[in-house]
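The first residue in the sequence is number 1, and the count goes up from there. This one's a predicted model, so the numbers in the text were calculated from it and none came from an experiment.
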Amino acid sequence: MAMVGLFWITEDHVYVGAAPTGTASGVRLAKDRVEILGLGQGRSWGWDEVRGIDVRDVAVRSTARRLASMAFDSLVVLVTGDGEQPPAFTVRVETGADGTVEADALAAVPGGIHTPDEYDLSRTLLTRLVDGSTPVEDLLIWRRDEPGDAAPTRDERLALLRRWTTAPA
């Protein structure tokens, strides 16, 4: 798996946020559908039924503020021994039949904080996934071609997001 922007990408699926475990909620993007996962959720729609996907409540900070926040959080954990789950954000899936359906997703990025570039490019990519100008398969192919557990650097992640958001339809 690899994290790129707001997305956790495996060889078979793309998750908005971290891949949920157990009964946690989340949103999974497959080649042919969008799925809301979690206890009591279990809803899915084909891409042709989805009108939009957007995110709310994502922690966004400049690179400097992100590093300062992460350092402070690390200090709190060191002093108190009390770590927290990554922060959650809201994913809104708009469909023709069901209206807008919301689900929580956990941030996959360390510290749960995204830079403005990552956030903006991720939202643009969500729009392109919905309108079909960037197929989910493009993200899956990239992941399958990556060696094992190699994590892309920040610059590589931004380059991937730019490529996926500017590729011709």
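- Residue Arg33 holds its CZ atom at 10.0 Å from CZ of Arg28, rounded to the nearest 0.5 Å.
- Counting heavy atoms from C-beta outward, Thr124 and Leu161 have side chains that stay 4.5 Å or more apart.
- Arg143 and Glu11 are not joined by a salt bridge, as no carboxylate oxygen comes within less than 4.0 angstrom of a charged side-chain nitrogen.
- Separation of atoms CG (Leu160) and CG (Asp138) is listed at 11.0 Å; rounding is to 0.5 Å.
- Considering only heavy atoms from C-beta on, Asp104 stays 4.5 Å or farther from Phe89 through its side chain.
- Put simply, CG on Leu125 and CZ on Arg163 are 11.0 Å apart, with the number rounded to the nearest 0.5 Å.
- Salt-bridge formation is not detected for the pair Arg157/Asp155: no Lys NZ or Arg NE/NH1/NH2 atom is positioned less than 4.0 Å from an Asp or Glu carboxylate oxygen.
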As a quick check of understanding, evaluate side-chain hydrogen bond (donor to acceptor under 3.5 Å, both in side chains) for Asp98 and Trp45, giving each step before the final call. CA-CA 10 Å; Asp98 296 328; Trp45 305 270; 2.7 Å; yes

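- Contact check for Val27 versus Glu35: no side-chain heavy atoms found under the 4.5 Å cut-off.
- Counting only heavy atoms from C-beta outward, the side chains of Ile113 and Val60 never approach each other to under 4.5 Å.
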Please test Arg162 against Asp117 for side-chain contact (heavy atoms from CB on, under 4.5 Å), starting from the C-alpha separation and ending with a verdict. CA-CA 10 Å; Arg162 286 187 181 101; Asp117 287 345; 3.9 Å; yes

Does the pair Val55 and Thr90 meet the rule for a side-chain contact (heavy atoms from CB on, under 4.5 Å), with working shown? CA-CA 6 Å; Val55 292; Thr90 304; over 6 Å; no

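- The shortest heavy-atom contact between Val16 and Ala105 is O-CB, 3.3 Å.
- At a threshold of 4.0 Å, the pair Arg123-Glu118 does not count as salt-bridged, since none of the basic side-chain nitrogens sits closer than that to a carboxylate oxygen.
- Taken to the nearest 0.5 Å, the CH2 atom of Trp8 stands 12.0 Å off from the CG atom of Leu106.
- By the 4.5 Å heavy-atom criterion applied to side chains, Pro135 and Trp47 are not counted as neighbours.
- To the nearest 0.5 Å, atoms OG1 (Thr115) and CG (Leu158) are separated by 5.5 Å.
- Rounded to the nearest 0.5 Å, atoms OG1 (Thr10) and CZ (Arg144) are 8.5 Å apart.
- For the pair Tyr15 and Leu37, the tightest heavy-atom approach, listed with the atom from each and the gap, is CE2-CD1, 4.0 Å.
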Could you go step by step and tell me if Leu29 and Ile53 meet the side-chain contact (heavy atoms from CB on, under 4.5 Å) rule? CA-CA 11 Å; Leu29 311 176; Ile53 302 175; 4.0 Å; yes

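- With contacts defined as side-chain heavy-atom distances shorter than 4.5 Å, the pair Pro152/Val4 qualifies.
- Within the 4.5 Å cutoff, no side-chain heavy atoms of Val93 are placed close to those of Thr100.
- Between Val58 and Leu6, the shortest heavy-atom contact is CG1-CD2, 3.9 Å.
- Contact of the Arg56 side chain with the Arg92 side chain is registered, since non-hydrogen atoms from C-beta on lie closer than 4.5 Å.
- Closest of all the heavy-atom pairs between Val130 and Val50 is CG1-O, 3.6 Å.
- Taking every heavy atom of both residues into account, Ala30 and His13 meet most closely at CB-CD2, 3.9 Å.
- For the residue pair Leu129 and Thr134, the shortest heavy atom distance occurs at CD2-O, 3.1 Å.
- Using modelled atom types, one finds a donor on one side chain and an acceptor on the other under 3.5 Å when comparing Asp131 with Ser133.
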